[in-house]
Structures are given as C-alpha cells and as structure tokens.
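Taking it in order: structure first as structure tokens, then the write-up.
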There are 2 protein chains.
Amino acid sequence: MKKTISDIAQIAGVAKSTVSRYLNGGSVSDATKEKIKRAIQETGYIPNTFAQSLKAKKTNIIGTIVPRLNSYASSLTLIGIDEQLKELNYQMLISNSNQDLEREIENIYTLANQKVAGIILLATQITDQHIEAFRKIDIPVLLVGQQHKEVYSLIHDDYGAAYDIGQYILAKGHKRIGYLGVGEHDIAVGVKRKQGFKEAVDTKSDCEVKYYETSFNIADAIGTASEIIEEFQPSILACATDNIALGALKAAYMRGLRVPEDLSITGFGGYQVTEVIHPALTTVKFYYKEVGQRAARNIVKLINEEEIEKISISKYEIIERESVDNI
Amino acid sequence: MKKTISDIAQIAGVAKSTVSRYLNGGSVSDATKEKIKRAIQETGYIPNTFAQSLKAKKTNIIGTIVPRLNSYASSLTLIGIDEQLKELNYQMLISNSNQDLEREIENIYTLANQKVAGIILLATQITDQHIEAFRKIDIPVLLVGQQHKEVYSLIHDDYGAAYDIGQYILAKGHKRIGYLGVGEHDIAVGVKRKQGFKEAVDTKSDCEVKYYETSFNIADAIGTASEIIEEFQPSILACATDNIALGALKAAYMRGLRVPEDLSITGFGGYQVTEVIHPALTTVKFYYKEVGQRAARNIVKLINEEEIEKISISKYEIIERESVDNI
DNA sequence: CTGAAAGCGCTTACAG
DNA sequence: CTGAAAGCGCTTACAG
C-alpha cells in the first residue's frame with residue numbers, strides 16, 4: 001500500500017537519488033521530470049517526513065507552548081504565530097501545559113525530543129527549571145509575554161499601559177480608587193501592571209487607593225469585586241485583566257449598582273467581547289496577533305543565527321468606551 | 001554536541017541494541033541498566049524521535065485540524081482532546097486551517113506526511129475533496145461537529161437542542177418570533193438547528209415566525225439583528241450561536257430596547273461569557289470538552305482497530321437565565 | 001543530468 | 001541478558 005521513494009524510482013525507471021532530486025528541486029531533465037511526476041500521481045506517493053528529517057537533521061517545526069488554550073490572548077497570539085510561520089515555510093506545533101508548570105517543563109523536553117527548530121513559550125512565569133531546560137536542549141527559545149535576562153523575550157508594555165490607565169482615571173476626577181490585580185508570581189500582570197498603575201496614581205496625593213488581589217478566574221473576580229464594593233465603595237475599580245473586569249461588572253449588577261454612574265470599571269487586554277457588552281468596557285488593547293507574528297519572525301531569525309534584540313516591547317492603546325464616568 | 005544512541009552505547013560500554021532495549025523497557029540486567037542510566041544522565045541524551053518513528057513505522061501523534069483557534073467551542077474541544085490523549089499516551093498536534101477549506105484539505109495531507117496515527121477534524125463542512133483526501137491518506141479519521149456517511153463522526157444534538165429551544169419559546173408565550181441563523185453550507189449550525197427550531201414552532205399555528213441569516217461574526221450579527229428589530233419587531237430573537245446572540249443583545253441596546261422586557265433573546269453554545277453578562281443569556285449548553293475527550297478515545301480505538309459507532313450524538317442542556325420574558 | 005553508495009539514528013529479529 | 005547486522009526511507013557528496 002504505502003509507497004516509498006524506491007517504488008517511485010522503480011516505476012519511473014530512474015534511481016532513488018533522481019527522485020529525491022526531483023522532490024527537492026535539483027536538476028532533472030524535463031523528460032525524467034515527467035516520468036517521475038506521473039509515477040507520483042499514479043501512486044499517490046507521500047514522502048516520509050521522518051526519513052527526510054532524519055537525514056536533513058533539521059525540521060521546519062516550531063514548537064509553541066501555551067499555558068491554556070481557552071484564552072483570548074493565547075488564541076490570538078497563536079493565530080499570529082501560525083500565520084507568519086506559514087509564510088516563512090515553517091509549521092507550528094502547539095503544546096498545551098494547562099497552567100501546570102511541571103507540565104510546561106516536560107513540554108520543553110518533549111518538543112526538544114521532536115527536534116523542533118525552535119520554541120516559542122507563551123510564558124506566565126519563568127523558574128530556574130525553565131532556564132535549566134533551555135540550557136540543556138540547545139534549541140533557540142523565545143519568550144512571549146514575560147521577560148527574563150537569559151532568554152530572548154517579547155513583551156507587552158504592561159507598565160506603560162498601566163501607567164496610562166492610572167493617569168486616565170485621575171484625569172476623570174476619581175479619588176476613591178480600587179485596583180484589582182493578580183498574584184505577583186506573574187511578573188507581567190501581577191507586578192508590572194500594578195507598579196505602573198501605582199506610579200501614576202501616586203502622583204496625586206488627595207486620592208485614596210486600595211489594592212486587592214484575585215485570580216484570573218471570572219468567578220473569583222465576581223466574589224472579590226463584590227467584597228471590595230461593600231467594604232471600600234470605590235468610585236472606580238481598575239482591573240488587571242478584561243476577564244476580571246467582566247467579573248467586576250457582574251458584581252456591580254448583582255449589587256444593583258449602575259455602571260458607570262455608580263461605579264466605573266476598566267480592564268486590560270482588549271478582548272473582543274468587551275466591545276459588545278453593555279456598557280462597553282474602557283480598557284487597554286494589546287496587539288496579541290501582531291506580537292505572535294513578530295514572535296514567529298524572531299524565532300526564525302534566531303534559528304538562522306541572525307541578530308535580534310534581547311527584548312522587544314510591544315505597543316498598546318487605551319480604548320475609551322462607556323464604563324468610566326467623569327466625576 | 002548532540003549525542004546519539006551510539007555515543008551512549010560507547011560510554012556505557014554496551015551495544016546500541018542494549019541501549020535501545022533499555023529505553024524501550026526490554027530485559028536488561030540491573031548492572032547494565034545502571035551504566036546506561038549514568039551515561040544518559042551525564043550526556044543529557046535525548047533520543048531522536050524521527051529515527052524512532054522511521055523504524056517503528058508509527059507515531060503516537062494525533063493530528064487535530066481546527067477551522068479557527070479563537071473560538072470558544074474549538075478551544076474547549078481541543079482541551080478535551082488534549083487531556084484525554086495525554087492519558088492514553090498520545091500527543092496532539094494542532095493544525096489551524098483558519099476557516100479556509102483549501103487549507104483544511106492541505107492540512108490533511110500535511111498531517112499524513114507526518115505520519116500521524118490518526119486525524120480528528122473539527123469540521124464545518126465536508127466536501128468531496130475531503131472525502132478524497134481521507135481515502136488517499138489511509139489513516140483513521142474522526143469528524144467532530146459534523147457528520148458524513150463515509151466517516152466516523154461525533155456530533156452535538158443540534159436538531160434536538162433547537163427543537164427544545166423552540167418548544168421553550170412557545171411555552172413562554174411568544175408569538176412573534178425571529179430566528180437568526182447562518183448559511184446552509186454548515187449542516188450542523190445552518191441546517192440542523194434551523195430545522196429543529198422550525199419543527200418545534202410549526203406545531204403552533206398562531207405564531208408568526210421569520211427566518212434570517214447572518215455570519216458567525218459578531219459585527220455582522222449586530223447589523224442583521226438591528227435590521228430585524230426594525231422591520232419585524234419580534235418579541236423574541238432566537239440566535240443560532242451565542243456570538244450571534246451577543247450581537248443581538250448589542251443591537252437591542254443600541255436601539256434602546258430592554259432585554260428581556262422589550263425583546264427576548266436566546267443563544268446556542270453555552271459560552272462562559274453568556275453567564276457573566278447582563279442580562280445573563282438563556283442558551284443551550286453543549287459539552288465541548290467532553291466531546292473532545294470522547295473524540296480522543298474514539299480515534300485511539302480506531303487506530304487499534306476496535307469497533308466504534310459510526311456516529312455518536314452528544315447531549316445538551318437548556319440553560320434558563322434572564323434573557324427571555326414570559327408573555 | 002544521472003546513478004551507486006554511504007549514512008542519518010534508531011529498532012528488531014536472530015543468535016548466542 | 002547481550003551483541004552484530006540488517007533495514008526503516010530518505011539525502012547527499014562523489015563519479016561519471
């Protein structure tokens with residue numbers, strides 16, 4: 001059933017090497033080309049990628065490790081990577097670590113096993129084990145979303161975006177401000193966003209600002225936001241992700257508060273749904289897909305041993321919509 | 001740098017075949033085991049998967065083709081597949097066709113090239129070219145979400161769910177009913193859901209029902225829903241997906257209609273966000289993740305040449321929330 | 001332009 | 001339990 005290059009060679013009446021040359025664009029006479037083409041069509045021959053890779057000693061596969069598949073940010077980033085990679089004649093292999101750091105480390109080694117040409121890691125946190133793995137596998141690695149001094153990274157400007165959101169809130173006249181963030185193990189979302197925000201609101205001394213923490217989970221966010229509303233009664237709640245903001249919105253409705261009249265809310269991310277809901281959410285949009293595309297270009301450069309910057313920072317844009325009131 | 005099995009054999013002072021046996025759990029004496037283990041640790045040896053697969057003539061990789069990556073349904077299905085496959089010692093390779101049928105066909109062949117053990121296709125429509133590809137590659141294939149008489153399939157009960165939604169709407173006393181679906185090239189969403197719905201509402205003769213069509217795109221849905229509201233002024237708008245329902249909700253708000261007081265809305269899918277928005281959406285929940293898991297089990301059975309049903313139909317559940325009014 | 005041969009890194013009967 | 005040898009399906013110098 002399954003045809004090999006030898007079968008084709010035999011049917012076409014040429015040597016295996018000639019078929020191989022035909023397949024790889026080497027010099028073959030037109031007459032020979034014709035014969036081989038016919039043989040391939042007739043048999044439905046498909047070359048064995050393993051044998052090819054075994055000899056060629058390299059693949060055109062880029063392994064991409066994601067913490068979770070059902071996230072707006074991951075999905076868009078993956079799409080960007082995939083699109084760009086296809087253009088560059090590479091292929092994307094997705095490996096899901098399901099928010100499990102151990103599995104993430106495992107995935108690095110598995111990908112190395114499969115001789116991927118490079119690895120893109122949509123990172124949440126980078127541990128020593130990560131660094132150890134990167135060293136051992138000896139394959140180009142690119143981090144997306146988090147940075148580390150020993151690895152090439154592509155990040156969103158979390159600090160800058162948060163600073164701008166802070167300034168924006170101040171400009172709207174808010175003085176009783178709640179910030180709902182996540183744990184500090186996540187440097188980008190947990191640390192940088194909070195830092196930028198704090199830096200901005202600290203420029204004004206007549207504000208009362210309180211910082212809270214929840215998880216990335218919407219249900220958790222609803223609970224935490226609800227408590228904050230009860231305890232602190234802020235005029236605005238700045239949330240570290242759009243999902244958290246969605247939770248805050250729900251909490252507001254559940255407590256009978258109108259948004260933005262009774263409580264203003266902001267998010268982070270620019271998820272599509274934030275535009276469709278009512279009131280539409282004021283948030284900061286990150287360019288996930290573009291970052292994915294850039295990641296693809298960068299990893300390929302790394303593979304080709306071209307120079308790239310150790311760390312690139314991507315832009316953002318404040319999207320002003322309906323969820324923030326002017327006081 | 002890169003170590004091979006020969007290096008390990010040499011360092012451990014044994015034959016390659018012994019190392020191979022060690023790696024694959026064949027019988028090796030404890031003393032030899034120890035030597036090999038040490039050699040592997042010392043060198044950080046990682047076996048070459050290509051060489052392994054070339055000999056073994058099979059892989060434990062399941063190719064999964066998705067129409068798009070940024071969809072709630074795909075993501076959850078993928079997670080289910082991935083989880084279950086890991087348990088069965090298989091690996092998932094995701095291939096995105098980006099809603100491009102040609103690319104989908106290409107992906108089938110590419111996956112075959114890579115000698116995947118089986119293919120799961122999250123399908124939108126099945127053309128003759130698909131069937132031709134399935135025949136040529138001679139690899140087990142499983143369809144998810146759509147059915148075809150020549151291929152093993154796993155589907156959601158689109159017809160049944162739509163019928164129930166229709167009945168539910170009738171029971172709520174609605175008599176002026178709009179149905180907002182999608183094109184008929186998508187059998188599951190475009191044909192089956194409409195059919196089930198129609199069947200249900202046709203049981204009552206004093207209703208006026210109008211059928212409309214839009215795309216899967218939220219922005220399109222907003223536009224179409226807006227027109228429907230203007231022209232037909234239904235008391236309820238049943239939407240063929242949750243995203244379309246989200247668009248309808250937005251359209252209602254934009255026209256100053258209250259939901260559900262002025263217009264009731266229902267969806268299809270059970271996306272997480274439908275629970276968080278206000279008003280929470282009445283919809284039908286499909287078990288995407290579970291279907292993914294089952295798909296994984298089924299494709300593995302197919303690979304092992306075990307019997308499975310040609311077509312399995314998955315359950316659903318009507319989720320009654322706040323977006324439908326009692327008339 | 002074309003072919004014979006060696007070799008990529010493994011695995012798998014087959015002997016011992 | 002262990003090793004030598006053949007072979008998986010390709011590619012790549014090397015001759016011609």
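Labels below follow one simple rule: chain letters A, B, ... track the order of the sequence lines, proteins then strands, and each chain is numbered from 1. Atom set for the values below is all heavy atoms of this structure, side chains included, hydrogens, waters and symmetry mates excluded. Bear in mind the structure is a predicted one, so any value in this text is a computation, not a measurement.
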It should be established whether [X] places a side-chain nitrogen or oxygen under 4.0 Å from OP1 or OP2 of nucleotide [N].
X        : N      : value
Ser29(A) : dT2(C) : yes
Ser17(A) : dG3(C) : no
Asn48(B) : dC8(C) : no
Gln52(B) : dG9(C) : no
Ser27(A) : dC1(C) : yes
Thr4(A)  : dG9(D) : no

Salt bridge present between [X] and [Y] (N-O < 4.0 angstrom):
X         : Y         : value
Glu42(B)  : Arg38(B)  : no
Lys315(B) : Glu290(B) : no
Glu150(B) : Arg135(B) : yes

Atom [atom1] of [X] and atom [atom2] of [N]: how far apart are they, to the nearest Å?
X        : N       : atom1 : atom2 : result
Leu23(A) : dT11(D) : CG    : P     : 6 Å
Glu34(B) : dC1(D)  : CD    : P     : 16 Å
Gln10(B) : dG9(C)  : CD    : P     : 14 Å
Arg21(B) : dG3(D)  : CZ    : P     : 8 Å
Ile40(A) : dC10(D) : CD1   : P     : 10 Å
Ile36(B) : dC1(D)  : CD1   : P     : 12 Å
Lys3(A)  : dC8(D)  : NZ    : P     : 15 Å
Lys35(A) : dC1(C)  : NZ    : P     : 14 Å

Check: Between dT12(C), dG3(D), dC10(D), which nucleotide has the shortest distance from any of its atoms to the side chain of Ile5(A)?
Finding: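 The listed nucleotide nearest to Ile5(A)'s side chain is dC10(D).
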Notebook entry, point to check: Of the nucleotides dT12(C), dT12(D), dA4(D), which has the atom closest to the Ala15(B) side chain?
Noted result: dA4(D)
Notebook entry, point to check: Is there a Watson-Crick or G-U wobble partner for dA13(D) with both distances under 3.5 Å, and if so, which one is it?
Noted result: none
Note to self: At 4.0 Å (heavy atoms only), tell me whether Tyr22(A) reaches a base, stays on the sugar-phosphate, or touches nothing.
What the structure shows: nothing
Check: So what does Thr32(A) hit on the nucleic acid, given a heavy-atom distance under 4.0 Å: a base, only sugar-phosphate, or nothing?
Finding: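 Sugar-phosphate only.
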Item checked: Earlier contact from the 5' end, DNA chain C, for Lys16(A) and Asp30(A) -> Asp30(A)
Notebook entry, point to check: Quick check: are there more than 12 heavy atoms from other residues, nucleotides or ligands sitting under 6.0 Å from NZ of Lys37(B)?
Noted result: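 Check fails, neighbour count at 12 or below.
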Notebook entry, point to check: Just checking, is any N or O donor in the side chain of Glu309(B) or Asn298(B) under 3.5 Å from an acceptor N or O on the other one?
Noted result: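 There is no such pair between these side chains.
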